[in-house]
2 protein chains.
Amino acid sequence: MAITIRDVAALAGVSPSTVSRTCKNNPSISEETKERVRAAMATLGYEPNFQASNLASQNSRTIGLILPVSERFIYANSFFLEMIQGINSYCNVHQYTTTLITGQTEEEALQVIRSMVRTGQTDSFILLYSKQKDPITDYLYNEGLLFAMIGKAYQFANQTIYVDTDNILAGQEATEYLYQLGHRRIGYIGYEKTLLFSSDRKYGYQLAHFEHGLPLQEDYSIEIKDSMKKMPPELSDLLKRPDRPTAFVVTDDFLGVALERTCRECGLTVPEDLSIISFNNSLFAQMTSPPLTSIDINSMQLGAEAATQIIHHMENPNLASTKIIVPHEIVVRESCRPI
Amino acid sequence: MAITIRDVAALAGVSPSTVSRTCKNNPSISEETKERVRAAMATLGYEPNFQASNLASQNSRTIGLILPVSERFIYANSFFLEMIQGINSYCNVHQYTTTLITGQTEEEALQVIRSMVRTGQTDSFILLYSKQKDPITDYLYNEGLLFAMIGKAYQFANQTIYVDTDNILAGQEATEYLYQLGHRRIGYIGYEKTLLFSSDRKYGYQLAHFEHGLPLQEDYSIEIKDSMKKMPPELSDLLKRPDRPTAFVVTDDFLGVALERTCRECGLTVPEDLSIISFNNSLFAQMTSPPLTSIDINSMQLGAEAATQIIHHMENPNLASTKIIVPHEIVVRESCRPI
DNA sequence: ATATTTAATGCAAACGATTGCATGACACAC
DNA sequence: GTGTGTCATGCAATCGTTTGCATTAAATAT
């Protein structure tokens, strides 16, 4: 059996409560006894039992990380693992753990979450995505659970802790970058508008147009639905028109790669015939040919900030809900060219 | 405060121990009282407290999932998330949870693991990779901890639970596929040999050569080191030779995509000038152009089997260590062509 | 009718921490 | 010397289960 608080207490010649208080660095223990206790802990290699400690103090020190259900978003993007890295690196230091919540369906995920809450396994969550009309998000709201969202809150923004990229700005900057290269016919490819990161990027794209007095052609925008297995025919049609866009802002690298491929099928070369700028700066962006100019959203930092916030809120209840914006930066590669 | 076992006991008119035994379906409780207790549990919506239950029964019902530290393997391959999905889907049903262990360095990861073991947070692990000379693996062995490995055990194979693809066979079949298409000069691209999945696939590639009496040209094999950011110059040199391979077996899609790109840079087209077959059947394989013929290794099932084994062993100690082989299958796309 | 077995349940002590309250020692003031 | 206050520590209850053992009631054997 492992070393318990009693063993330490016995060795240090104090009571278990003193040991416990020493761990918590309680000021009512004198510095000298603390030293004695710490020495005892060190020689025995004591670490407090996680379960017992949590039971007694009625918390869980465990954060549930909720992954989106949709296949595309989980698997397409390495940034989930990057965010998790960021989250874990902060949690590791602060003695919190994370537990991953996934499911094949929203129902399954929701059931797991419910059970975790009921059994006291987890009392806070990080939602690794943001999506409108999401039953999981609704559940977290309705139960008044503590959670942080990575992405933009679409309701109760004031009561929600969230960590996000300034996607509107990012979309605007991406478009501006193309504009500065001389492009005037710029298209946009994104996901359905319930995915706020995508609709925000599109909004930024539109803002850039307004700013420069460029006309917005509705048929330059392509929306990819979750169910689509490949690029829709409208895209090929668009690429074959004489007044086709000379550049595209694309909402993630995954779609960027897909666009490159569609170009090839339509006989267009990137970047000679078409410039592409995308988001996330994942390995996709580096590996494809030509490699994509992409906006890096600092996924690890997004994760780390979310963890920071959630832990901060756990340890200081009644704190106001914070909103954090993590900076992004453009990583120039070979998919864009002056017109 | 949540509903406790006492509340249920009170409502059902029995003692807490009876409720506990009912949950465990202990045969010494009569069927009728069980029914009564179950009814009480249902009306109150009772679920046993995770921490208390674990504390009393001295286990953790938590499996630590250890990700490799190397960036390339984590981020390059969607199959980690797929394996995790598979693991979780089994755990969800069996009331186990998983906790993700990552670190920027092996030291960090190891420290987290150590602490989890000491604090009783976790008592079993799934190693999501297999690698020679890995300090984490060594630690698990030396401490005699219960763990399952996804990938091939490189030592103490008899005492290790592992779940793997038959990579030798897969490598052989991939090579055979190219052979049947008429290719005779076949190259191989893989990782350093400490990564057993890669060296096994290479071994299979060699076996296929022996089988057909084909000569093995050592310089047809390229080894990609973890530190390499891009394909090495030897590869371009090889591709420019008149006696260059007409086909390649490539150890994962990530390298497959990289090879496609190198080809393009060398003025070769796939599959006209060069056929490629790779492994993992990740999104990379589908998205690149041309899409890659790839061997699907059923990542989700690998994960699910690992979870099954580990839980089985937790609930039945002293079970012999099992070795599970998950089948693979070739997914034909457009990167191979008869010579 | 009594003794003995069997089945079903409850009691109470763990599990290993945390924490409100009591206690004791000591210092200082009067 | 007594009273009051402060500081440091310990006692013991608690968190919500699990589980060995005792207990009771019923069933069977003699």
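Every chain is numbered from 1 and lettered A, B, ... according to where its sequence line falls, protein lines coming before strand lines.
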A.B. asks: Have a look at B/S28 and say if it touches a base, only the backbone sugar-phosphate, or nothing, with a 4.0 Å heavy-atom cut-off.
C.D. replies: base

A.B. asks: Please assess B/E143 against B/R118 for the test salt bridge (Lys or Arg N to Asp or Glu O under 4.0 Å), listing each intermediate value before the final yes or no.
C.D. replies: CA-CA 11 Å; B/E143 299 288 310; B/R118 281 228 197 88; over 6 Å; no

A.B. asks: How many Å lie between CG on B/N49 and C1' on C/dA17, as a whole number?
C.D. replies: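 From B/N49 CG to C/dA17 C1': 14 Å.
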
A.B. asks: With a 6.0 Å cut-off (strictly less than), is the heavy-atom count around CD of A/Q155, excluding the residue itself, greater than 12?
C.D. replies: yes

A.B. asks: Whole angstroms only, please: what is the CG-C1' distance between A/N26 and C/dA17?
C.D. replies: 15 Å

A.B. asks: Provide, to the nearest angstrom, the distance between the CD atom belonging to A/Q58 and the C1' atom belonging to C/dA17.
C.D. replies: 12 Å

A.B. asks: Tell me if the CD atom of B/E32 is crowded by more than 12 foreign heavy atoms within 6.0 Å.
C.D. replies: no

A.B. asks: Can you tell which of C/dT9, C/dG10, C/dT19 lies closest to the side chain of A/S20?
C.D. replies: C/dT19

A.B. asks: Which nucleotide in the set D/dG16, C/dT9, C/dG10 lies at the smallest distance from any side-chain heavy atom of B/R6?
C.D. replies: D/dG16

A.B. asks: Can you figure out which of D/dT18, C/dG10, C/dC15 approaches the side chain of B/T18 most closely?
C.D. replies: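 It is C/dG10.
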
A.B. asks: Check A/E31 with A/R38, please: is the shortest side-chain N to carboxylate O separation under 4.0 Å?
C.D. replies: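 The answer is yes: the pair qualifies as a salt bridge.
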
A.B. asks: How many whole angstroms separate atom CD of B/Q51 from atom P of C/dA17?
C.D. replies: 14 Å

A.B. asks: Where the side chain of B/S57 is concerned, which of D/dT19, C/dC11, D/dC15 is the nearest nucleotide?
C.D. replies: D/dT19

A.B. asks: Starting the side chain at C-beta, find the nucleotide from C/dA17, C/dT9, D/dC11 nearest to A/Y46.
C.D. replies: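 Nucleotide nearest to A/Y46's side chain: C/dA17.
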
A.B. asks: Would you kindly give the CG-to-P distance between B/N54 and C/dA17, to the nearest whole Å?
C.D. replies: 15 Å

A.B. asks: By nearest atom, which of the nucleotides C/dG16, D/dT17, C/dT9 is closest to the B/S30 side chain?
C.D. replies: C/dT9

A.B. asks: Looking at every strand, decide which applies to B/S53 at a 4.0 Å heavy-atom threshold: base, sugar-phosphate, or nothing.
C.D. replies: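 Contact class for B/S53: sugar-phosphate only.
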
A.B. asks: Examine the base of D/dC15 for any acceptor or donor lying under 3.5 Å from a partner atom in the side chain of B/T4, and report the outcome as yes or no.
C.D. replies: no

A.B. asks: Kindly indicate whether the side chain of B/R118 and the base of C/dG16 share any N or O donor-acceptor pair separated by less than 3.5 Å?
C.D. replies: no

A.B. asks: So what does A/V14 hit on the nucleic acid, given a heavy-atom distance under 4.0 Å: a base, only sugar-phosphate, or nothing?
C.D. replies: sugar-phosphate

A.B. asks: Could you state the atom-to-atom distance from CG of A/N59 to C1' of D/dC15 in whole Å?
C.D. replies: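 Whole-Å distance recorded here is 11 Å.
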
A.B. asks: Under 6.0 Å from the CD atom of B/Q159, do we count more than 12 heavy atoms belonging to anything else shown?
C.D. replies: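 Result for CD/B/Q159: enclosed.
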
A.B. asks: Between C1' on C/dA17 and CG on A/D7, what's the gap in Å once rounded to a whole number?
C.D. replies: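 It works out to 13 Å between those atoms.
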
A.B. asks: When you get a sec, tell me which of C/dG10, D/dC15, D/dG16 is the closest nucleotide to the side chain of B/S17?
C.D. replies: C/dG10

A.B. asks: D/dT17, D/dG20, C/dT18: which one has an atom nearest the side-chain heavy atoms of B/P48?
C.D. replies: D/dT17

A.B. asks: Quick check on the 6.0 Å ring-centre criterion: do B/F147 and B/Y141 meet it?
C.D. replies: yes

A.B. asks: For the pair made of NZ in B/K24 and C1' in D/dT17, what is the distance, rounded to whole Å?
C.D. replies: 8 Å

